[in-house]
Amino acid sequence: MGKGGEQGGDSGEPAAQIRFYTWDEIQKHNLRTDKWLVIERKVYNVTKWANRHPGGQRVISHCAGEDATDAFQAFHINPTLVQKFLKPLLIGELAPGEPSQDRDKNSQLVEDFRTLRKTAEDMNLFRASPLFFSLYLGHILAMEVLAWLMVSYFGTSWITTLILACILTTSQAQAGWLQHDFGHLSVFKKSSWNHIVHKFVIGHLKGASANWWNHRHFQHHAKPNIFQKDPDVNMLHIFVLGDTQPVEYGKKKLKYLPYNHQHEYFFLIFPPLLIPVYFQIQIISTMIRRRFWADLAWAISYYLRYFITYIPFYGVLGSLCLLTFVRFLESHWFVWVTQMNHIPMEIDSEKHRDWLSSQMAATCNIEQSFFNDWFTGHLNFQIEHHLFPTMPRHNFWKVKPLVKSLCAKYGVQYEEKPLGKAFVDIVGSLKKSGDLWLDAYLHK
């Protein structure tokens with residue numbers, strides 16, 4: 001079916017060869033072995049390209065059979081460069097009578113959102129402040145130096161070690177927020193510069209893998225809180241989330257764990273273990289299995305630097321214990337901040353909503369303050385970050401009023417809450433889901 005169209009794509013699309021497709025036809029091509037998607041009314045066959053996609057094959061596969069225009073714009077900072085890769089994949093266009101959006105999406109809302117994005121571009125909100133990011137990196141490096149100076153001068157008493165662990169935890173958490181900026185290409189105009197510094201920050205400053213992070217995190221952004229597509233809601237049967245999953249588990253009499261107590265065992269399992277155990281295993285196995293050798297080299301440079309710095313003071317075992325303790329503390333910080341925007345929101349199967357509606361259903365904001373901005377790495381502006389992942393975070397507050405008024409116009413809920421309430425809501429929503437599971441388990 002697509003052959004004539006493919007040739008057309010290569011040879012500058014002579015009019016006679018343009019193939020027209022209906023949405024019904026396009027939606028059938030959403031299989032592992034057969035993936036089409038639509039960008040600005042043009043139809044692309046991405047089946048073979050998916051495995052070579054720099055952002056990972058899964059994120060592109062999640063958009064198969066759909067209009068991916070807004071996702072495409074959200075993730076790529078240099079559309080003309082990417083257009084070069086798209087051209088050979090072109091197989092045709094949407095038929096003239098077909099709407100630009102699939103599945104009865106509100107085309108006026110979609111157009112208004114694209115106008116809002118254009119306004120943000122005209123306001124230079126996608127331009128990063130070199131000073132902001134230089135100071136940010138500077139304060140992380142300063143903490144690393146301060147930690148070393150402290151232990152050099154004051155020795156290794158329990159008190160010094162505890163303060164040292166807190167400084168290193170803060171530096172690690174903040175490096176986590178900074179790698180997130182480079183991973184999203186939100187600092188430099190050129191993708192390649194973002195990628196290089198990303199490898200330095202996540203690899204050398206944190207001992208993790210840039211590719212592992214990107215391939216995981218972009219899926220979350222493309223399809224937030226959607227089962228089977230967002231890896232962040234794949235809880236490996238340890239927790240049940242949202243309103244539908246607990247009932248499904250209950251009806252099937254699935255009881256891997258007593259989910260009606262998940263809001264209690266959350267404290268023992270999730271915050272303490274995510275980074276030191278689960279992520280650690282996942283990062284190392286992914287780098288080796290997927291042959292991310294450059295990432296592995298960067299990660300080794302982190303461990304070499306760390307052990308050369310601290311073995312003279314603490315010995316091998318002591319340094320290892322200190323590192324594990326720092327990761328244990330950082331894990332609490334990371335879990336509470338990253339889960340507060342998503343777990344209390346709607347978590348369900350694919351609903352095929354437009355970009356704005358799907359992001360708004362899955363995210364909420366936390367009130368703005370200097371501390372909240374710093375503590376959460378500006379993820380208190382999670383709504384703006386999800387709508388515009390490549391926007392530098394120091395500009396979120398500027399686009400926020402525009403987003404709020406667009407949401408108000410279409411009756412889309414824009415949720416914002418204090419930091420403390422956001423933390424409490426994580427536990428509350430886990431309890432609610434656990435209760436739904438128990439009810440279905442006993443009575444359905």
Side-chain angles (χ1 to χ4, degrees), residues 21-39 43-47 50 53 55-75 94 98-107 109-110 113 214-237 239-252 254 339 341-364 382-383 385-387 389 410 412-413 415 429 433 436-437 440:
Y21 297 101
T22 63
W23 277 116
D24 288 342
E25 166 74 3
I26 292 160
Q27 279 161 16
K28 291 173 191 159
H29 299 270
N30 68 343
L31 312 167
R32 268 186 85 118
T33 51
D34 179 19
K35 301 168 188 148
W36 294 6
L37 49 77
V38 177
I39 298 169
V43 183
Y44 299 94
N45 182 346
V46 296
T47 312
H53 182 233
Q57 57 103 9
R58 286 189 175 164
V59 67
I60 205 169
S61 305
H62 294 337
C63 298
E66 296 183 5
D67 175 44
T69 308
D70 293 308
F72 177 78
Q73 287 185 331
F75 291 124
L94 280 174
E98 290 289 299
S100 296
Q101 267 65 52
D102 56 303
R103 298 181 174 85
D104 301 324
K105 290 173 184 168
N106 183 340
S107 57
L109 186 158
V110 174
F113 174 72
N214 285 346
H215 290 189
R216 183 191 166 93
H217 192 63
F218 296 158
Q219 290 181 73
H220 159 70
H221 268 271
K223 298 289 180 182
N225 283 12
I226 291 173
F227 291 123
Q228 264 88 50
K229 293 191 175 183
D230 179 359
D232 291 4
V233 294
N234 173 11
M235 292 294 176
L236 308 170
H237 305 306
F239 300 98
V240 287
L241 302 176
D243 295 345
T244 55
Q245 189 188 46
V247 176
E248 279 169 28
Y249 272 50
K251 281 181 180 169
K252 291 177 186 165
L254 294 176
Q339 300 310 304
N341 307 101
H342 293 303
I343 281 191
M345 303 304 288
E346 182 185 305
I347 305 175
D348 213 330
S349 50
E350 176 67 271
K351 293 272 198 292
H352 299 290
R353 293 187 175 113
D354 63 85
W355 180 259
L356 177 86
S357 306
S358 67
Q359 301 296 339
M360 296 302 297
T363 50
C364 64
Q382 188 76 292
I383 290 172
H385 170 57
H386 262 259
L387 293 175
Y410 288 98
V412 176
Q413 191 186 6
E415 196 173 329
S429 63
S433 298
L436 285 170
W437 167 81

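Just so it is clear, the model here is predicted, and its values are computed rather than measured.
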Gap separating the NZ atom of K35 from the SG atom of C63, nearest 0.5 angstrom: 11.5 Å
If the condition is side chain to side chain donor-acceptor pair (under 3.5 Å), which residues does E98 pass it with, not counting sequence neighbours? none
Which pair of heavy atoms, one from W437 and one from L254, lies closest together, and at what distance? NE1-O, 3.0 Å
In chain order, what residues pass the salt bridge (charged side-chain N to carboxylate O under 4.0 Å, His left out) check against R353, with sequence neighbours excluded? E346
Give me the atom names and distance for the closest heavy-atom approach of V240 to Q245. CA-OE1, 3.3 Å
Closest non-hydrogen atoms of P246 and S433, given as atom of the first, atom of the second and distance, are CB-O, 3.2 Å
Rounded to the nearest 0.5 Å, the CG atom of L241 sits from the CG atom of D348 at a distance of 11.0 Å
CD on Q219 to CZ on R216, rounded to 0.5 Å: 8.5 Å
Is the shortest heavy-atom distance from the side chain of L387 to the side chain of T363 under 4.5 Å? no
For D24 and T22, run side-chain hydrogen bond (donor to acceptor under 3.5 Å, both in side chains): C-alpha distance rounded to whole Å, both residues' side-chain angles, the deciding distance at 0.1 Å, then the answer. CA-CA 5 Å; D24 288 342; T22 63; 5.1 Å; no
Interatomic distance, D70 atom CG to I39 atom CD1 [nearest 0.5 angstrom]: 10.5 Å
How far apart are the closest heavy atoms of Q57 and S61, and which atoms are they? O-OG, 2.7 Å
Would I383 and M360 count as a side chain to side chain contact (heavy atoms under 4.5 Å, CB included) here? Give the steps. CA-CA 7 Å; I383 290 172; M360 296 302 297; 3.4 Å; yes
Starting from the C-alpha separation in whole Å, work towards a yes-or-no answer on side chain to side chain contact (heavy atoms under 4.5 Å, CB included) for R103 and Q27. CA-CA 10 Å; R103 298 181 174 85; Q27 279 161 16; 3.7 Å; yes
Closest approach of V247 to A440 (non-hydrogen atoms, all atoms of both residues): O-CB, 3.7 Å
Applying ring-ring contact (aromatic ring centres under 6.0 Å, His included), name anything that partners Y44, two or more places apart in sequence or on another chain. none
Does any N or O in the side chain of N341 come within less than 3.5 Å of the main-chain N or O of C364, such that one atom is a donor and the other an acceptor? yes
Please round to the nearest 0.5 Å and tell me the distance separating atom NE2 of H220 and atom CG of N225. 7.0 Å
Just by distance, with hydrogens left out, do T69 and D67 show a side-chain donor and acceptor under 3.5 Å apart? yes
Between D230 (side chain) and P224 (backbone), is there a donor-acceptor pair under 3.5 Å? no
Can you see which heavy atom on S107 is nearest to which on Q101, and at what distance? CB-OE1, 3.6 Å
Answer yes or no: are there more than 12 heavy-atom neighbours, outside K351 itself, under 6.0 Å from its atom NZ? yes
Ignoring hydrogens and angles, state whether a donor on the side chain of E350 or H62 is under 3.5 Å from an acceptor on the partner side chain. no
Check side chain to side chain donor-acceptor pair (under 3.5 Å) between Q359 and all other residues, then give those that pass, not counting sequence neighbours. H386
Look up atom CH2 in W23 and atom CG in D102, then write down how far apart they are to the nearest 0.5 Å. 4.5 Å
Check whether any side-chain heavy atom of V59 lies under 4.5 Å from a side-chain heavy atom of N214, and answer yes or no. no
Check the orientation of H221 and F75. Use parallel for under 30°, tilted for 30 to 60°, and perpendicular for over 60°. perpendicular
Partner set under side chain to side chain contact (heavy atoms under 4.5 Å, CB included) for L109, not counting sequence neighbours: N106, D354, L356, S357, Y410, V412
Is there a donor-acceptor pair closer than 3.5 Å between any side-chain N or O of S349 and the backbone N or O of F227? no
In terms of relative ring orientation, are H385 and H217 parallel, tilted or perpendicular, with 30° and 60° separating the classes? parallel
ring-ring contact (aromatic ring centres under 6.0 Å, His included) filter on H237, not counting sequence neighbours, yields Y249, Y256
